Each structure stands twice: as C-alpha cells, then as structure tokens.
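Within every chain, numbering begins at 1; the chains are lettered A, B, ... in the order of the sequence lines, protein sequences first and strands thereafter. Values in this document were obtained by computation on a predicted structure and should not be read as measured data.
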Amino acid sequence: MKIHVTLARLARKTRASPKEDEGVATGMVGAPACGDVMKLQIKVGKGGVIEDAKFKTYGCGSAIASSSLVTEWVKGKTVEQALDIKNTQIAEELALPPVKIHCSILAEDAIKAAVADYKKKHVDQAAG
Amino acid sequence: MLKLPIYLDYSATTPVDPRVADKMIPYLVEKFGNPASRSHAFGWETEAAVEEAREEVAKLVNADAKEIVWTSGATESNNLALKGAAQFYAGKGKHLVTVKTEHKAVLDTCRDLERLGFEVTYLDVQDNGLIDLEAFKAVLRPDTIVVSVMMVNNEIGVIQPIAEIGEICRAKGIIFHVDAAQATGKVVIDLATLKVDLMSFSAHKTYGPKGIGALYVRRKPRVRLTAQMHGGGHERGFRSGTLATHQIVGMGEAFRLARLEMGAENERIRMLRDRLYKGLSDIDEVYVNGDMEQRVPHNLNISFAYVEGESLLMAVKDLAVSSGSACTSASLEPSYVLRALGREDELAHSSIRFTLGRFTTEEEVDYAVKLLHEKISRLRELSPLWEMVQEGVDLSTVQWAAH
Amino acid sequence: MFAPVYLDHNATTAADPAVVEAMLPFLTGLCGNASSRHEYGRAARRAIDEARSKVAAAVGAHASEVVFTSGGSEANNLLIKGAAACLKPGLLAVSAIEHPCVIRPAEQLRKRGWALHKLAVDAAGRVDAADYQALIGERPRIVSVMLANNETGVVQDITSLAAQARAVGAWFHSDAVQAVGKIPVDFRQLNAAGVNALSLSAHKIGGPKGAAALVLDKRLDIEPIIAGGGHERGLRSGTENVAAIVGFGVACELAAARLAEVAPRLLALRERLEGGLFSLGATLFGQAAERLPNTLYFAFPDLDGETLVGHLDRAGYAVASGSACSSANPEPSHVLRAMGVETELARGAVRVSLGAANSAAEVDSFLATLRATALSLQRLTAMAV
C-alpha cells in the first residue's frame with residue numbers, strides 16, 4: 001500500500017525524538033529533486049520558549065551546517081523570536097558563498113514551518 | 001602508512017609511471033631538438049625517438065606505425081576524427097550516429113557539426129549502459145557517413161560491442177570512429193581484426209603524460225580526413241604543430257609497458273575491484289551502475305540511495321574519487337551518463353565512481369570500504385529521507401513543498 | 001667526441017634546468033586532472049593558475065587573458081579560425097612572411113567565403129607600407145602580422161600597423177612566438193595600440209614543447225577549434241597539460257627576468273658573427289631592418305644551403321637551412337621569396353639563431369669552420385663547373 005501524504009503531515013508523522021511530546025512541533029521543507037530536504041523539530045515549553053531543537057538534513061554540507069546552526073540559535077528563544085532569524089544572518093555566520101545562499105533560506109523556512117506547525121497544533125488544542 | 005587522500009580516480013588521470021618519466025626527462029634537456037629539424041643531429045635524434053614511440057603505440061593496438069597520428073590528446077583526436085571525416089565525406093551524406101553516453105569531446109564535437117549543417121543521432125543505451133545493436137541498426141540511414149562509439153565508458157566502465165558495430169558499419173561503407181581513451185591497457189585492442197577506421201588514444205589515462213594523444217587512421221581500406229590544425233604540414237598533413245618529443249616518448253613507453261603488463265595487471269586490479277565491490281555491497285540500498293560483466297576491471301560506479309552527493313563527497317574527502325567524469329564534475333549537475341541509464345531520474349541517489357589502477361593497494365581498498373560504511377551510515381542517520389523510507393513512506397508519493 | 005654546438009634556437013630550445021625542476025613533481029608523481037574536485041585535482045588547478053599568472057606577467061597581460069594551447073601552431077589556428085567564425089566573412093590579411101600555421105588557416109578560410117590579402121614585404125622583410133595602406137582602404141576584418149620573423153628575425157612595427165587596423169575596426173593579431181625572451185613584449189602597451197591577440201610558445205624560450213598560449217583581448221570573440229569539456233573558459237577543451245604549463249610559466253618568468261641581460265649579449269654575439277660573415281662574402285637577409293638580437297640569416301651566392309648546413313652538422317654545428325617546419329620542403333623559403341630574393345640565392349639560405357648559452361668562442365670556432373667548409377665546397381663547385 002502506498003501512503004499518500006503531504007509534507008506537513010509527514011513531518012508530524014516522522015519524528016526525530018522517540019517520545020511523543022505535546023510541545024514538539026516539526027517543520028519539513030525542500031525536496032529531494034532540489035537536492036535539499038530539511039526537517040527541524042522544536043520542543044516548546046512554557047511561555048512559548050523553545051527548550052530544545054533537533055534537525056535532520058538531506059543536502060550538501062552547507063545545508064547541514066545551516067540547519068545545525070539554527071537548532072543552536074532557536075534554543076532559548078520564544079517562537080516569535082525564532083521567527084526573527086533571517087537567512088542573511090545564517091549566511092553571514094557560516095560565510096556561505098553566493099551559490100549556497102539557498103541553504104540559509106531553506107533553514108529560515110524550516111524555522112517558519114516548525115513554528116507554523118507549533119501554532120497550528122496550539123490552535124488545534126485550544127479549539128479542541 | 002596510507003597516504004591520504006587515497007587516489008581512486010584513475011579514469012580521470014593516472015600517475016605517470018616512474019619508468020615512463022625516466023625515459024621522458026632526457027628529451028627535455030639534452031635531447032631537445034625539434035623533430036622537424038632536418039638539418040642537424042639534434043633533429044634526427046628526436047625524430048628517431050618519435051618514430052620509435054609511434055611503433056610502440058601501434059603495437060599495443062596491432063596497427064601499423066604509419067596509421068598513427070600524434071595529437072595533443074584524446075579530445076583533439078576526437079575532434080580531428082569526427083570533424084575531419086565528416087567534412088571529408090560530406091559529399092556522401094550529412095548524417096552521423098553517436099551515443100548519449102559518449103565523452104563530451106565527442107558530444108560537443110557533434111554539436112559543432114550540427115551547427116555546420118550535419119545531422120547527428122544520439123543513440124540511447126540500455127539500462128546497463130550498453131548499446132542495443134538492433135536499435136543501432138535501426139538508426140542508420142543511407143546518408144550516414146560516420147559512426148562514433150567509445151570502447152570503454154569513462155564513468156561506468158562498460159565495454160561497447162565494438163567488433164559487432166564495426167562489422168555493421170563496414171558492410172554499409174560507414175566510417176567507424178572509436179574513442180579508446182579509456183580502453184588502452186585495459187582491453188585487448190586488435191585493429192587487424194576490428195573493423196574500426198579511426199581510433200582515439202590518450203597517454204595520461206594509461207600512465208603516460210598529459211598533453212599527448214594519437215589518432216589511428218586506417219590505411220587499408222584507406223580513410224581520409226580533412227585536417228583541422230593547419231601549418232607546417234607535420235604528421236603527413238593531418239596535424240600541424242611542433243611535436244612534443246618528451247611527451248611522445250612518454251606515450252610510447254607507457255603503451256609499451258601496457259602491452260607487456262596488462263594481462264597480469266588487469267587480473268590484480270580486478271581482484272581489488274571485486275574486493276571493493278564485496279566490501280560495499282553489504283551496505284543497504286546500494287547498486288552498481290552499468291553492466292558488471294561487459295566492464296573493465298578498474299571501474300566500480302555505485303549509487304548510494306538517500307544520500308546527497310555533495311555531502312557524500314565531502315564526507316569521503318580522504319578518497320580521491322569522482323562523482324562524474326572529471327570534465328563535468330566541476331558542475332553539480334547529475335551525470336548525463338547515469339541519466340542516460342535512467343538512474344538519475346529516481347529521487348535522492350548519489351553515485352561515486354571508483355577507478356582503480358596500477359598503484360592501488362589492498363590496504364587502500366580496505367580503508368575505502370571502512371570509511372564508506374561509516375560515512376554512509378552517518379549521513380543516513382542525518383537524512384530525513386532515509387528516516388521516512390525506514391518508516392515505510394514511498395518518497396515518490398510525497399508532495400514536496402515548492403522550493 | 002665533442003658536443004655539437006647548437007645554433008638553432010629559433011627552431012626549439014632545451015628546457016632550462018629550473019623549468020625541468022619545476023615540472024618534475026607534475027611529471028613523476030601523481031598529478032591530478034585539474035578538473036577533478038579532489039585534492040589532487042585542486043593542486044593541479046592551482047599550479048595551472050600560478051603558471052597562467054606568470055605567463056601573463058611576462059608579457060604584460062592579465063591572467064584572465066591567457067588561453068593555454070598545445071603549441072604555437074594551435075594558438076595561431078585558434079585565433080585565425082576562431083575569430084573568423086564569429087564574424088561575417090570579409091577580408092582577412094596576413095603578411096606573406098607569416099609562419100605556415102598562420103598562412104594555411106587563413107587560406108582555409110577562403111572556403112568559408114573569406115577573401116585573403118597576403119601583405120607584401122619590402123626587400124628588408126618589413127611589411128610594405130604602400131600595400132598596407134591599400135589593405136586598410138579595403139577595410140579588413142582580421143589582420144595578422146608576426147612580431148618577429150622566425151627566419152630573418154625581422155621585427156615589424158606592430159604598434160603602427162595595429163593602430164591603422166584599429167582605425168578601420170579590424171581585429172589585429174600578432175604571432176609573438178619568436179619575439180618573447182628576445183625583445184620586450186608588453187601586451188598592455190600593444191593592446192592600447194590596437195593589438196587584440198598574441199601567440200606565445202614555451203619551447204622557443206627554454207620551456208617544454210607541448211605548451212603555448214593565446215593572449216586574448218576579451219573584446220575579441222572567438223569560437224574554439226577543439227570542443228569537448230569546456231576547459232580554458234570554453235575556448236580550448238582537453239585535459240590540461242599541467243607539467244608543460246607549469247614549465248611554460250617558469251620559462252616565461254625566467255625569460256622576462258633575463259631579457260635585459262641576455263639581449264645585449266646575444267646582440268654582441270650576432271654582431272661578431274655578422275662581421276665574420278661579411279669578411280667571408282656572405283649576403284645577409286633583412287639587414288636593413290630591425291631584427292631580433294639572436295637571429296642571422298645569410299647565404300653564399302654560389303653555395304647550396306642544404307649542403308652547407310649538412311657539412312656544418314658533421315663538423316659539429318647545428319644550424320638551419322630554413323624554418324624547421326618546412327625543412328623537409330626543398331622549395332626555397334617563402335619568406336625570402338616574398339622579400340624578392342632570387343631563387344638561386346634563396347637556396348643558399350642558412351639561419352643561425354643564438355641562445356643565451358652560446359659563447360663568443362663558439363661563434364669564432366663556427367666562423368672558422370664555416371670559412372673552411374665554404375672554401376672547400378666552393379672548390380668542389382668550381383671543379384664541377
């Protein structure tokens with residue numbers, strides 16, 4: 001049987017942390033055809049502070065480095081603060097060459113996707 | 001102690017054999033005359049050396065020395081063969097046939113010929129990289145003047161059925177060119193029996209120096225070419241330009257050594273290649289590109305699923321390997337050769353070409369196997385795709401976010 | 001047994017020991033393919049880049065203007081055919097005394113609809129001013145005139161010729177293969193005057209055979225003549241000849257550094273030789289023109305050049321009877337013919353081209369041998385008549 005899934009659903013389905021955790025949200029961006037897929041998971045605690053973050057990345061060294069960097073950067077930030085992380089900061093920190101700028105953009109997108117997932121769940125929970 | 005990175009890229013270029021270098025160096029210093037200088041001993045001495053080297057190149061492929069024309073390398077040989085034959089025989093027809101997996105030196109030359117008004121058919125290969133002879137016959141036309149098929153593919157090492165193609169071409173009076181840059185010293189080439197009209201050779205793929213190659217031009221039946229490099233009329237007018245004696249001497253010695261040693265050497269290399277293959281085949285989701293039987297013993301081209309190419313090359317930087325042929329590996333495009341096999345259309349595979357050679361050791365192969373086991377497993381641990389696959393997701397059914 | 005004296009440096013030169021030393025690591029060990037991305041490939045690429053800078057510096061060019069080829073012939077073919085391929089067919093001009101690797105490609109272009117004007121030269125071997133004026137009036141698209149002639153050593157007034165060509169919008173190329181290392185060659189200066197491309201060669205200046213370059217003004221579009229892989233900015237495909245390119249770089253560096261010291265020394269030797277030849281009654285070609293300091297082209301009116309050169313070789317002196325490339329050709333030199341030299345005299349032509357290693361003693365002994373050889377040959381000739 002083939003499983004038909006969208007990326008967002010898939011992101012929730014395939015979790016890096018073994019334990020189902022209420023505060024865990026996942027963002028997955030990219031596509032294998034483009035050469036990069038990033039999955040970012042954040043664990044959000046009280047007051048919307050990101051307590052932990054993990055990544056899995058299929059991609060070049062710069063993509064792996066970009067996703068690794070954002071897991072460091074988002075920790076201790078609130079989800080709103082995390083959204084302020086811009087790809088230019090990532091690119092600058094890693095001194096990415098122009099051809100690798102898309103890796104930093106993807107990392108920024110991964111944060112946005114994870115936060116969106118968190119908010120969606122939050123709303124879902126509030127509604128439920 | 002291993003010297004890192006381990007060189008497993010013998011199809012990109014080979015080291016110059018020390019015995020070859022020893023023969024070359026005197027021709028840079030004391031025996032430096034211009035072989036075209038007919039008026040003094042400096043010239044005669046180098047001319048004799050050039051002719052001796054020509055004999056050696058001819059002997060490796062069982063040809064006559066008079067059929068060997070020096071060039072600056074296989075790229076120039078391919079250009080001269082294809083443009084030279086197409087232009088000379090243009091009165092007979094305008095159609096050429098080649099294969100999608102040929103080297104760029106052939107494909108780009110064919111593109112040039114298309115701009116000059118020729119028509120070229122680029123033949124598909126089967127998923128094992130080999131030509132289907134029936135499909136080949138089907139594309140031949142009454143106005144087909146030249147067919148160009150490489151003997152050994154540079155990326156996947158498969159050996160094309162040159163003898164059969166030669167018979168078909170000869171029967172139809174079509175000039176048959178073979179790029180044998182990757183074949184010398186690896187495959188027995190007997191031009192007395194093969195119905196090949198033009199054959200390109202390179203020294204630096206067979207433990208000779210860079211910057212020298214040759215084109216075999218058959219005399220019986222005689223093949224004519226329009227010269228592409230004009231000037232002093234060197235090489236019986238086929239190719240003008242001062243002959244680089246030291247390089248020619250190097251190519252002659254390299255081909256002599258190949259003739260004497262290829263039998264034993266290829267068996268040793270085959271054992272090493274098989275050791276490498278066996279060592280890698282217990283990694284999950286790996287597969288070989290190209291036919292494993294009709295293949296030179298030096299080559300192993302393997303795809304690793306769910307591992308991204310650039311990160312893989314970075315992870316194995318202790319191995320000097322190639323992800324495509326050297327001429328195109330500067331770009332990150334997937335290899336057109338693997339694409340022609342239908343492999344690169346699948347999602348998320350990375351391929352490595354391992355090419356072994358004269359100086360490869362068992363220790364080096366074992367190191368490579370161990371390193372790849374470690375790195376592939378680490379990259380897969382990091383890969384969200386691998387994780388999905390492990391969880392039973394069919395990646396082709398996923399709607400990926402636009403990026 | 002004594003070592004023969006080499007006096008044929010315009011045909012080719014021995015590689016300088018420093019050149020060989022620089023080449024060895026790339027000839028003997030593992031030298032990667034410069035297109036490979038691994039360390040062996042990158043090391044080869046770095047070596048090529050460094051050599052490119054050295055070649056450029058020696059002729060006052062920018063590294064990005066240097067396109068490596070397999071030889072001077074290829075550089076000339078590339079420029080003539082490559083530039084023509086990017087232009088609408090029109091008028092192409094080359095001097096009548098160009099090397100065959102300029103003349104033959106130019107002749108080939110006739111098949112592509114180009115008209116060819118072979119520029120006349122005067123009795124001294126310089127491009128004829130009136131003929132050049134006439135050419136400029138016909139608005140050529142490409143003009144190629146060598147900086148210095150391989151046979152006579154005559155140096156052309158390239159700056160002035162190029163300026164006139166530029167005034168009518170023509171691309172101007174100069175084969176500088178024989179000039180480098182013997183006279184100053186500055187591409188920036190020449191380029192400012194209107195020269196768009198120069199051909200250089202390693203083996204004429206103490207470098208190895210198998211490496212050369214086309215120095216190319218980027219405004220000049222050219223098509224490659226060798227396709228496949230897109231090396232050298234797409235202008236010349238084929239795996240780079242790393243060792244020879246490295247040797248070329250060092251040879252250029254040495255040639256430029258030594259020019260100020262070597263040129264006057266060569267000139268003094270040539271003048272010494274000239275003095276001796278006069279006293280022997282030889283006719284000197286191109287004497288009225290500015291010439292390379294190392295080249296001397298002469299004939300004895302009643303002696304066959306081939307014969308004389310053969311005797312000199314047996315006596316231990318390597319000289320040429322014409323340019324090496326056409327030595328197999330019994331026809332008298334096309335250069336001398338263009339200069340209006342009578343066929344009989346042209347058949348007597350002998351070229352001596354000196355190198356930095358030649359000494360005054362060698363010149364003197366050569367003159368003594370030449371005198372003896374010429375006298376005995378003249379006696380034989382006289383007996384035959």
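With a 4.5 Å cut-off on non-hydrogen atoms, Thr245(B) touches chain C through its backbone and its side chain both. The part of Gln108(C) that comes within reach of chain B is its side chain, from C-beta onward, which places non-hydrogen atoms under 4.5 angstrom from that chain. Contact of Ala243(C) with chain B is not made at all, since no heavy-atom distance falls under 4.5 Å. If you measure heavy-atom distances from Val102(C) to chain B, you find no contacts under 4.5 Å at all. Of the atoms belonging to Arg42(C), not a single heavy atom falls under 4.5 Å from chain B. Of the two parts of Trp44(B), only the side chain, counted from C-beta on, holds a non-hydrogen atom closer than 4.5 Å to a non-hydrogen atom of chain C. Looking at Gln228(B), only its backbone comes within 4.5 Å of chain C, counting heavy atoms on both sides. With a threshold of 4.5 angstrom between heavy atoms, Ile103(C) does not approach chain B through any atom at all. If you measure heavy-atom distances from Ile25(B) to chain C, the contacts under 4.5 Å come from the side chain alone.
Listed in order of number, the residues of residues 76-84 of chain C that approach chain B to under 4.5 Å between heavy atoms are Asn77(C), Lys81(C).
Donor-acceptor pairing under 3.5 Å is recorded for the side chains of His177(B) and Ser200(B). Side-chain contact of Thr184(B) with Thr206(B): a donor-acceptor pair under 3.5 Å is present, judged by distance alone.
Counting heavy-atom pairs under 4.5 Å between each of Gly72(C), Pro17(C), Gly32(C) and chain B puts Gly32(C) at the top. Taking chain B as the reference chain and counting heavy-atom pairs below 4.5 Å, the highest number among Gly305(C), Gly247(C), Cys31(C), Ala211(C) is found for Cys31(C). Among Leu312(C), Val242(C), Asp16(C), Thr13(C), the residue making the largest number of heavy-atom pairs under 4.5 Å with chain B is Thr13(C). For the set Val20(C), Thr69(C), Leu27(C), Ile245(C), the count of heavy-atom pairs under 4.5 angstrom toward chain B peaks at Leu27(C). Note: Ser70(C) leads Gly41(C), Ala44(C), Ser70(C) in heavy-atom pairs under 4.5 Å with chain B.
Between the side chain of Thr14(B) and the backbone N or O of His204(B), at least one donor-acceptor pair lies under 3.5 Å. A donor-acceptor pair under 3.5 Å is formed between the side chain of Ser77(B) and the backbone N or O of Ala214(B). In this structure a side-chain-to-backbone donor-acceptor pair under 3.5 Å is present from Asp108(B) to Gly229(C). At least one donor-acceptor pair closer than 3.5 Å links the side chain of Gln178(C) to the backbone N or O of Asn10(C).
Lys375(B) is linked by a side chain to side chain contact (heavy atoms under 4.5 Å, CB included) to Ala315(B), Val316(B), Leu371(B), Arg378(B), counting only residues two or more places apart in sequence or in another chain.
The shortest non-hydrogen separation linking Glu155(B) to Ser335(B) is OE1-OG, 2.6 Å. Contact detail for Glu240(C) and Ser35(C): the closest heavy-atom pair is OE1-OG, 4.3 Å.
Between Val321(B) and Arg353(B), the closest side-chain pair of non-hydrogen atoms is not below 4.5 Å.
Ring pair His231(C)/Phe68(C): centre-to-centre distance not below 6.0 Å. Residues His203(C) and Phe32(B) place their aromatic rings such that the two centres sit no closer than 6.0 Å.
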